[in-house]
Structure formats: structure tokens, C-alpha cells
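Below you'll find the structure, written out as C-alpha cells, and then a few comments.
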Amino acid sequence: MSLRAEIAGARRVVVKVGSSSLTSLPGGLDEQRLAALVDVLGAVHAQGREVVLVSSGAIAAGLAPLGVGGRPRDLATAQAAASVGQLRLVQTYADAFARHEVTVGQVLLTADDLTRRSHYRNAQRTLERLLTLGVLPIVNENDTVATEEIRFGDNDRLAALVAHVARADALLLFSDVDGVYDGDPRQGPAQLIDTVRDPADLGEVTLGTARRNGVGTGGMATKVEAALIAAHAGVPVVVTSTAQAAAALAGEAVGTRFAVMGPRPRARQFWLRFATRPRGRLHLDEGAVRALRERGASLLPAGITDVAGEFLADDPVELVGPDGVVVARGLVAYDARELPPLLGRKTSELDPEYQREIVHRDEMVLVRRPSLG
């Protein structure tokens, strides 16, 4: 069995584990399975490697104590379950890691914490300090306060963002499925994909779900999307089952490996591309699209044909070509209400207070979205 050197040699790893690996209905949190994972991570920590654990399971862990059967359909009950379950989940982790003489710290994030630049940098500093102090951070979405509008949607995407925020050397996504298959293995013959080097490698793949016990929110599609985000940001990824955690962390050829697909971007570029939530759209003509793509130019009012959305100056917006394809994402210099009179006009024709770029090239990142097709 060949060794995946970039995983085996990773000094700082982000490990994400799904609800399906830690909980079950109707019993809620499965302490035996949690302890088995902690044994693996405790051994990795003892080797001098740094671990950030992104753990699902708070809502599922709170269902049994509340006497709720099945995953809640309404947000208020889910938040109540998260409130009860997060305490139990982290305390169970703390007790299990204490047996390995590892101190843990809790980091609860909402999407707002990573979509706002100042919050993003604060999260980066906090994780760095915890790791410097020898603490193993346990990260989860703050389900007790997150609304549908500010949710990550799944902890796979959160883990991909955390891998960049924490400057990780590798990301491992664990669930109850042992890798990415070219079909659903439960419905017929399917081949495990060993390595993905380009999104095109998955062009003919039908991604099944990883939800088997009714307590998770993710599926294989979310894991692939997260893996592609990390791989495009210079972080190698392995997708496999929690049962294969020790082998995966040792660099053994288990699960599906996503090779690095691009250089590690600067924090600001990554934040703009993957962590921001666009507040609106600027529609561009073909000339403006060429200027952005080919010359790395700033966006001027002459190339804008339409404005959509309600946004303020310094909010993130998407820049869209005539074909509807997103070309770039950037921080706009004007409020939405200020822009309509400027559209299509040359900068020299405008009053002095409006003679600056709509989106400066330093506040913009071209978008080549990871895709499955």
C-alpha cells in the first residue's frame, strides 16, 4: 500500500467528523464511537502533530435528553437541541481527551464569523493561539444562534474554510462512507475513486448520500464540494470513513484523495472567493469581462450594464458576464442606490467624488468555481 506523503507529513491537520459517526437514533451520542476517534486523535497529538477537530453532533446529542425523536424540522427545536447537545458533546470530548492528557477548547462559529473580514481574522488568531498553547480546538457551527440566512449549511464546508483559516497542511473528512464512488454502492456495483486531480475527474460520477441514520445534514456531494474548495486553496484532502481515521492520518491509501489543485492563496483572496456571501450583483458587458480576465483591471462604471441587490459600500458583490456566469467577486466602493446614474459612463464624465473604481483590482478575486462538471 503506497504512502500519501503529504498526509503522513502534515504537521497541522483539520479533521471533520459527521453526526453519523458519533450519534445514532434514538440513543443520541455514542460515547464508545466518540472515544474510539479520540484515541486516534490523541495518538496523533502525542506525535507532535497539531489537530483541529470540526465536529458535528450537537443537535443529535441533544435529542435524547429532550425526548425528541428524529431530527427537528423547525429551527427553534433544533436550536434548543443544539444548546443541550453542544454542552454534552464537548464535555464528553474533554473527558475523553483528558485521558490522553490533551486539553481541548471550544470554538463556535456562524457563517457571519467568516464572512466578515474582521471576524475572520479574529477566528484565525484564536485558532493559532490555541494551537500554540498545545490546545486541541473543537470547532462546530453555533447552531443555537445561527439562522437559515447565516448558516454554513453543513460542517463539511465549514471544515474547508477552517483548514485555510488555520493554515492546515491537510484536511480529512470522516463519515460513515469509506470514500467517493463512481456510483451508489448500495444500489449496485461501484468503484472507489482513489484520487481526484481535477473536478473533471468527477464529471460522470453520481454522488449518493451519506445520510444513513437520520441525524446528519451532509451527504457525499457536500464532502466533494468541500474537498474541492480546500484542494483549490492548496490543501490536500482525504474523504473516508471514521473507521479508517488512523490509516488515513498515517498516509495510507484509504478513501479518496483530492490532490492540491492550485497554490495556496493569500488569506484575503481566499476570504473573498469562498467565505464571503455576496450582497448583490453587478452585470458587465463583454469588454469589462475581458478587461478583468485578461488584463487584471479594476472595474469601472463604463463596463457595468445593470445592478441587482441591496448592498452598501465595502459589501461583497458578484461580477457577472452577459452569459450569466460569475466572473469575479469583490468589495464594491459604492452603495447600490449610488450606482444607477454611473452605469455605462466614462470616469472622466463623472463628478470628482465618483471618479474612483467601482471595484478595485486589489479588492477583487477572479472566480473559477470548483465544479463537478
Side-chain angles (χ1 to χ4, degrees), residues 14-38 40-41 52-75 77-94 96 104 106-111 137-146 148 151-162 171-179 186 207-227 239-245 248 255:
V14 171
V15 171
K16 185 267 177 179
V17 61
S19 296
S20 59
S21 298
L22 301 174
T23 59
S24 60
L25 293 177
L29 188 62
D30 188 323
E31 295 187 17
Q32 189 171 6
R33 286 196 281 176
L34 182 146
L37 174 64
V38 168
V40 172
L41 300 183
V52 178
L53 175 60
V54 178
S55 178
S56 300
I59 293 176
L63 298 181
L66 292 177
V68 176
R71 188 175 181 87
R73 295 182 179 275
D74 65 292
L75 183 60
T77 303
Q79 290 174 326
S83 177
V84 173
Q86 185 65 34
L87 181 64
R88 185 180 178 205
L89 179 67
V90 173
Q91 187 60 58
T92 305
Y93 270 127
V104 302
Q106 177 177 252
V107 180
L108 295 177
L109 298 171
T110 66
I138 300 176
V139 182
N140 196 358
E141 182 164 10
N142 193 351
D143 290 304
T144 59
V145 298
E148 292 301 325
R151 289 182 60 83
F152 290 103
D154 61 82
N155 272 352
D156 297 309
R157 182 169 180 269
L158 171 59
L161 299 180
V162 167
L171 170 63
L172 296 100
L173 301 174
F174 297 144
S175 68
D176 56 353
V177 179
D178 57 2
R186 293 168 295 171
L207 297 172
T209 179
R211 290 176 290 180
R212 294 183 179 175
N213 64 1
V215 296
T217 59
M220 190 52 66
T222 69
K223 288 167 182 55
V224 168
E225 180 184 4
V239 176
T240 191
S241 66
T242 309
Q244 300 275 20

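All values reported here derive from a predicted model rather than from experimental measurement. Count residues from 1 along the sequence.
Residues Ile59 and Ala78 approach most closely at CG1-O, 3.7 Å, considering heavy atoms. Minimum heavy-atom separation, Ser19 to Gly57: OG-N, 3.2 Å. Annotation for Pro137 and Val107: closest pair CB-CG2, 4.4 Å, computed over non-hydrogen atoms. Residues Ala81 and Leu63 come closest through the heavy atom pair CB-CD2, 3.9 Å. The nearest pair of heavy atoms linking Ala159 to Val14 is O-CG1, 4.0 Å. Scanning both residues, Thr23 and Leu29, for their nearest heavy atoms gives CG2-CA, 3.8 Å.
Residues meeting the side-chain contact (heavy atoms from CB on, under 4.5 Å) test with Ala245, sequence neighbours left out: Leu37, Val40, Phe174. Val90 is linked by a side-chain contact (heavy atoms from CB on, under 4.5 Å) to Gln86, Gln106, counting only residues two or more places apart in sequence or in another chain. Every residue two or more places apart in sequence or in another chain that forms a side-chain hydrogen bond (donor to acceptor under 3.5 Å, both in side chains) with Thr242 is listed here: Ser21. For Ser241, the side-chain contact (heavy atoms from CB on, under 4.5 Å) criterion is met by Asp178, Ala243, Gln244, not counting sequence neighbours.
Note: Leu108 CG to Ile138 CD1 = 10.5 Å, rounded to the nearest 0.5 Å.
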* Asked: Taking it one step at a time, do Leu89 and Leu34 satisfy side chain to side chain contact (heavy atoms under 4.5 Å, CB included)?
  -> CA-CA 9 Å; Leu89 179 67; Leu34 182 146; 4.0 Å; yes

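Contact check for Thr240 versus Leu172: no side-chain heavy atoms found under the 4.5 Å cut-off. Contact check for Lys223 versus Met220: side-chain heavy atoms found under the 4.5 Å cut-off. Side chains of Lys16 and Leu158 form no contact here, defined as non-hydrogen atoms less than 4.5 Å apart. Side-chain contact between Asn155 and Glu141 is present, with heavy atoms from C-beta onward closer than 4.5 Å. Counting heavy atoms from C-beta outward, Asn140 and Ser55 have side chains that stay 4.5 Å or more apart. Here the side chains of Val239 and Val224 are not in contact, with every heavy-atom distance at 4.5 Å or above.
Ser83 contributes no side-chain N or O that, together with a main-chain N or O of Gln79, makes up a donor-acceptor pair within less than 3.5 Å.
Among residue pairs with one or both ends in residues 58-68, none qualify as side-chain hydrogen bond (donor to acceptor under 3.5 Å, both in side chains); sequence neighbours excluded.
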